Amino acid sequence: MSAAEPVDLTVADLHPALGDPALTSMNFLNEVSERYPAAVSLAAGRPYEEYFDLAAVHRHLDTFHRHLVDDLGHRPEQARRLLLQYGRTKGIVHHLIARNLAVDEGITVDPEDVVVTVGCQEAMFLVLRALRAGPMDVLLAVAPTYVGLTGAARLVDLPVWPVVGGSSGVDLADLAAQARRARAAGLRPRACYLMPDFANPSGVSIDTAHRRRLLDLAVEEDLLLLEDNPYGLFHLDDGPRPPTLKALDTGRRVVYLGSFAKTVLPGARVGYVVADQRVAGADGRVGPLADQLAMIKSMVTVNTSPIAQAVIGGRLLEHGCSLVAANIRERAAYTRNLRHLVAGLTRRFPAVPDRPAAVRWTVPAGGFFVVVTVPFPVDDALLDRSARDYGVLWTPMAHFYDDTAPVRALRLSVSAVTPEQIDVGLDRLAELITDELARRAG
Ligand SMILES: Cc1ncc(COP(=O)(O)O)c(C=O)c1O
């Protein structure tokens, strides 16, 4: 837009979130990658595209259609209507999601407590919209946190209070302290948002004992836990995965947020929320929080595209409702890439005996992300220079903190690249870091 262009509105007259860095962050990062299409992207958290298969999408749709007729006994015209007409607000693959959670996670869920959403992003929005009852409400969130959560909170005017993540994934003393501090200020902490498995962006996971302590603390502090789990299936080791918080939740403390973006297809835009908390309605009737979320959803997206749901449903059915079984190739690719990236960092930044390492990185047990810490601030200007002069993209960690303090770290993602691209990207990143260290030393 040029300065001379006539203006009808200013952003100051629109919702305050529209000027907020949480909302502009994703656009900024997309714009940088569009401006430098030749740069190797270790920034994108998109899933691996090699296995995308258009023919499979048609097959999934047919599989789900057959399921409606053969398994659920719908007449052909009913099945056609279910797929092509406006539909049930809470969705049409809720029973398969419940089955998937039982098969893969050992979670027992009443399908009526599930709302199928337009991606996990809508699920987060619905939950935050419901929980933000008034100006006294605040959300606690483990920092650094997913920017989509911060942005959704902004849109519903819900302040986000950071909780220290640290190496355990959530610092329980800080969580308790923040909850009490909020209450002492006359505020109402409604919930704590976190990703117990291979968090975005930190890559950190919470161990099982700590998960149990977290659930106990949630009871003591009367908090809900919003568990977001898009990466949990992509663990490096073949041993058992730790149980999800929801699997350990005996007191309906956990609202579970699910995404099919990484385990089926991001383009389907299907996610879900399990919200089994009992809510007493104005009429005294008790129902699941899911019903209240569906009420909000009916005014936001009406219902999640049944065609998109059918694609997800078909993929689930073709694998006995197990996303573990459906993602064997994908998990192998992410495992290979993550190991390759960590080994590549070790080779390019070898440890020097008796000298503290200038460059350090996390070694996650799975997921898509590695955080590299450097001895200088990492900001958007450096990213721009990295893309332009060195041909490599990554994400400044500052984007995942809800303040303007400088951050000396960047996030690398292994999900959308080949090992060869990782090599090229790391060579370029090493050159940038070496030049930056020399520039600052001199
Ligand atoms: C932690 C986390 N939650 C939610 C989402 C969004 O998921 P969806 O694409 O299903 O909206 C992402 C996407 O990257 C994510 O990293």
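Note that the numbering runs from 1 along the sequence shown for the chain. Any value given below was found using the heavy atoms of this structure, including those in side chains, with hydrogens, waters and symmetry copies removed. Counting convention: from 1, in listed order, for ligands and their atoms alike. Remember, it's a predicted structure, so these values are computed and weren't measured experimentally.
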Do the rings of Phe349 and Trp361 sit parallel, tilted or perpendicular, given the 30° and 60° boundaries? tilted
Problem - Parallel, tilted or perpendicular: rings of Tyr51 and Tyr48 (30°, 60°) - result: perpendicular
Which of the ligand 1 atoms, numbered from 1, are nearer than 4.0 Å to a heavy atom of [X]:
X	answer
Gln121	11 (O)
Ala261	9 (O), 10 (O)
Ser259	7 (O), 8 (P), 10 (O)
Gly119	10 (O), 11 (O)
Met195	1 (C)

Return yes when [X] approaches ligand 1 closer than 4.0 angstrom through a heavy atom, no otherwise.
X	result
Glu122	no
Pro230	yes
Gly271	no

Among all protein non-hydrogen atoms, which one is nearest to [atom], and what is the separation to 0.1 Å?
atom	value
atom 9 (O) of ligand 1	Arg269 NH1, 2.9 Å
atom 6 (C) of ligand 1	Tyr146 OH, 3.6 Å
atom 14 (O) of ligand 1	Lys262 NZ, 2.9 Å
atom 3 (N) of ligand 1	Asp228 OD2, 2.5 Å

One thing to verify: whether Asp238 and Arg331 come together as a salt bridge, which I'm taking to mean a side-chain N less than 4.0 angstrom from a carboxylate O.
yes
- prompt: Salt bridge or not for Arg269 and Glu122, using N-O below 4.0 Å?
  reply: no
inquiry  = Tell me if the centroids of the rings in Tyr334 and Phe368 come within less than 6.0 Å of each other.
reply    = yes
Closest to atom 16 (O) of ligand 1 (heavy atoms only, candidates Tyr272, Tyr231, Tyr193) is Tyr231
Worksheet item: Which is it for Ser205 and Asp197 under the side-chain hydrogen bond (donor to acceptor under 3.5 Å, both in side chains) test, yes or no, and what are the steps along the way?
Response: CA-CA 5 Å; Ser205 298; Asp197 296 281; 4.9 Å; no
Practice item. Decide whether an N or O pair under 3.5 Å exists between Cys120 and ligand 1. Key: yes
Only one of Glu318, Arg315, His58 passes side-chain hydrogen bond (donor to acceptor under 3.5 Å, both in side chains) with Thr63, and that residue is Glu318
Should His399 and Val147 be marked as a side chain to side chain contact (heavy atoms under 4.5 Å, CB included) after you check the CA-CA gap, both sets of side-chain angles, and the distance that decides it? CA-CA 7 Å; His399 283 259; Val147 71; 5.5 Å; no
For this session: Kindly indicate, with the supporting measurements, whether the criterion side chain to side chain contact (heavy atoms under 4.5 Å, CB included) is fulfilled by Val324 and Arg241.
Result: CA-CA 11 Å; Val324 170; Arg241 291 176 290 129; 3.8 Å; yes
